[in-house]
Amino acid sequence: MADESFDLVGCLERVRQRDQVAARQLVEHLHPLVSRIVRSHLPRRVAEEDLAQDIFLKMFTRLEQYQGNVPFPHWVSRIAVTTCIDQLRAQKRRPEFRWADLSENEAEVLDNVLTDERDVTPGDALAARELVHKLLDQLKPDDRLVIQLLDLEQKTIAEISALTGWNQTLVKVRAFRARRKLQKLFRELQSKEKS
Amino acid sequence: MNRFEHQWQKLIVLARQAPAAPAELPFGFATRVAAQAAGLPAAPWRSLERFALRGLLVAAACSMAAVAFNYSVLAADQADIYATGTADTVVELLDIS
């Protein structure tokens with residue numbers, strides 16, 4: 001969070017009393033957090049700003065339900081994650097993953113990873129991130145979320161469980177299922193590359 | 001670590017190194033969201049809670065009115081039972097007293 005001195009408790013109290021200035025300050029304060037989550041889990045064809053707006057409106061609607069059992073940013077994170085996953089679930093069709101759709105850099109990174117011929121360089125990081133997102137798009141929304149949190153954001157199983165509300169066994173099952181699907185995808189890509 | 005795990009880890013480590021784009025607040029975003037939030041109706045569960053409370057009060061009032069209205073009938077029934085000499089219907093039916 002950008003401003004450590006922000007009086008969150010006082011601000012929430014004023015928001016509950018329908019103070020619009022406080023509501024604006026709360027949005028400004030939480031925007032970096034919400035924006036980061038939205039960018040990580042953004043479904044295709046959904047504008048980042050629209051999704052962030054939905055999350056904030058849900059937050060205001062449910063504010064009376066917040067009882068302070070968890071820190072407020074954690075509570076908002078959970079709303080953000082579930083909103084993103086609802087959007088991902090709404091997009092039932094997933095585009096087929098094809099070499100032809102990759103940019104030159106992405107194809108090069110994938111080639112290096114699959115063939116192991118050349119070490120990837122830090123300069124390939126952006127292309128690698130895009131590539132990972134395209135690969136994750138092939139997974140079911142729930143599985144995608146687990147791999148995103150586990151591998152990209154390096155969260156623990158317990159943290160993912162707290163963030164999503166799924167029990168730890170379910171998180172492990174989803175991670176296993178997602179890895180198996182990714183493995184299959186890698187095998188297909190390798191066979192296509194060879195042919 | 002199998003071949004896939006090695007490839008995946010290589011890719012994911014590289015992807016994690018990608019710099020995050022700065023999260024800039026769009027112009028007027030906070031004001032727009034705050035204004036929309038002010039116009040939102042109360043959460044549905046609060047309306048339900050209000051209706052449930054009203055329902056409970058009405059139900060309690062109806063129950064009390066019903067008991068008060070039929071008090072004489074209920075009291076007479078009790079008196080009839082005691083007048084038969086036994087309050088145990090099973091004993092009475094089986095005639096084992």
Side-chain angles (χ1 to χ4, degrees), chain A residues 2 15 18-29 31-36 38-40 48-49 52-53 56-57 59-65 109-110 112-114 116 119-122 124-133 135 147 151-154 179-180 182-184 186-187 190, chain B residues 1-70:
Chain A
V15 171
R18 308 294 245 179
D19 181 342
Q20 277 209 48
V21 176
R24 188 167 52 76
Q25 287 170 346
L26 188 62
V27 172
E28 285 169 358
H29 177 69
H31 185 264
L33 169 76
V34 170
S35 181
R36 190 168 49 77
V38 164
R39 279 184 192 177
S40 307
E48 184 183 323
E49 198 178 318
Q53 184 171 313
F56 280 118
L57 291 178
M59 178 194 78
F60 283 119
T61 312
R62 298 175 187 177
L63 200 57
E64 294 298 324
Q65 295 170 37
V109 169
L110 185 58
N112 289 338
V113 166
L114 291 177
D116 233 355
D119 271 347
V120 284
T121 61
D124 298 328
L126 275 173
R129 189 175 61 188
E130 284 303 307
L131 181 59
V132 166
H133 279 286
L135 287 164
I147 289 292
D151 288 348
L152 271 178
E153 298 180 25
Q154 295 183 287
R179 281 185 201 285
R180 211 169 45 182
L182 285 169
Q183 192 170 7
K184 191 173 163 228
F186 268 51
R187 269 204 303 267
Q190 268 170 321
Chain B
M1 192 184 289
N2 66 26
R3 186 173 165 74
F4 160 73
E5 274 297 325
H6 171 71
Q7 291 169 334
W8 178 246
Q9 285 307 319
K10 195 173 164 185
L11 183 62
I12 216 79
V13 166
L14 187 64
R16 278 202 296 261
Q17 290 170 13
E24 282 178 20
L25 191 67
F27 181 74
F29 179 81
T31 309
R32 196 166 60 247
V33 172
Q36 283 193 351
L40 286 172
W45 69 271
R46 297 200 74 192
S47 308
L48 282 172
E49 192 183 58
R50 214 166 30 237
F51 278 120
L53 191 62
R54 282 182 192 168
L56 185 68
L57 289 172
V58 170
C62 288
S63 302
M64 288 177 73
V67 170
F69 189 73
N70 295 300

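In what follows, chains are A, B, ... by sequence order, proteins preceding strands, each numbered from 1. All values below were derived from every heavy atom in this structure, side-chain atoms included, with hydrogens, water molecules and symmetry-related copies excluded.
Only the side chain of A:L135 comes within less than 4.5 Å of a heavy atom in chain B; its backbone stays farther off. Looking at A:E48, there are no atoms closer than 4.5 Å to chain B (heavy atoms on both sides), in backbone or side chain. Heavy atoms closer than 4.5 Å to chain B are found in the side chain of A:L131, but not in its backbone. Looking at A:A52, the atoms closer than 4.5 Å to chain B (heavy atoms on both sides) sit in the backbone and in the side chain alike. Only the side chain of A:R39 comes within less than 4.5 Å of a heavy atom in chain B; its backbone stays farther off.
Note: A:F56 and A:H31 have parallel aromatic rings, judged against thresholds of 30 and 60 degrees for the angle between ring planes.
Nearest heavy-atom pair across A:L152 and B:A15 is CD2-CB, 3.9 Å. Here the closest heavy-atom approach between residue B:A37 and residue A:L57 is recorded as N-CD2, 3.8 Å. Nearest heavy-atom pair, A:H133 versus A:S40, reported as atom, atom and distance to 0.1 Å: CE1-O, 3.5 Å.
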What do the steps show when you test A:M59 against A:L26 for side-chain contact (heavy atoms from CB on, under 4.5 Å), and what is the final call?
-> CA-CA 11 Å; A:M59 178 194 78; A:L26 188 62; 3.6 Å; yes
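Taking chain B as the reference chain and counting heavy-atom pairs below 4.5 Å, the highest number among A:R187, A:Q25, A:Q154 is found for A:Q154.
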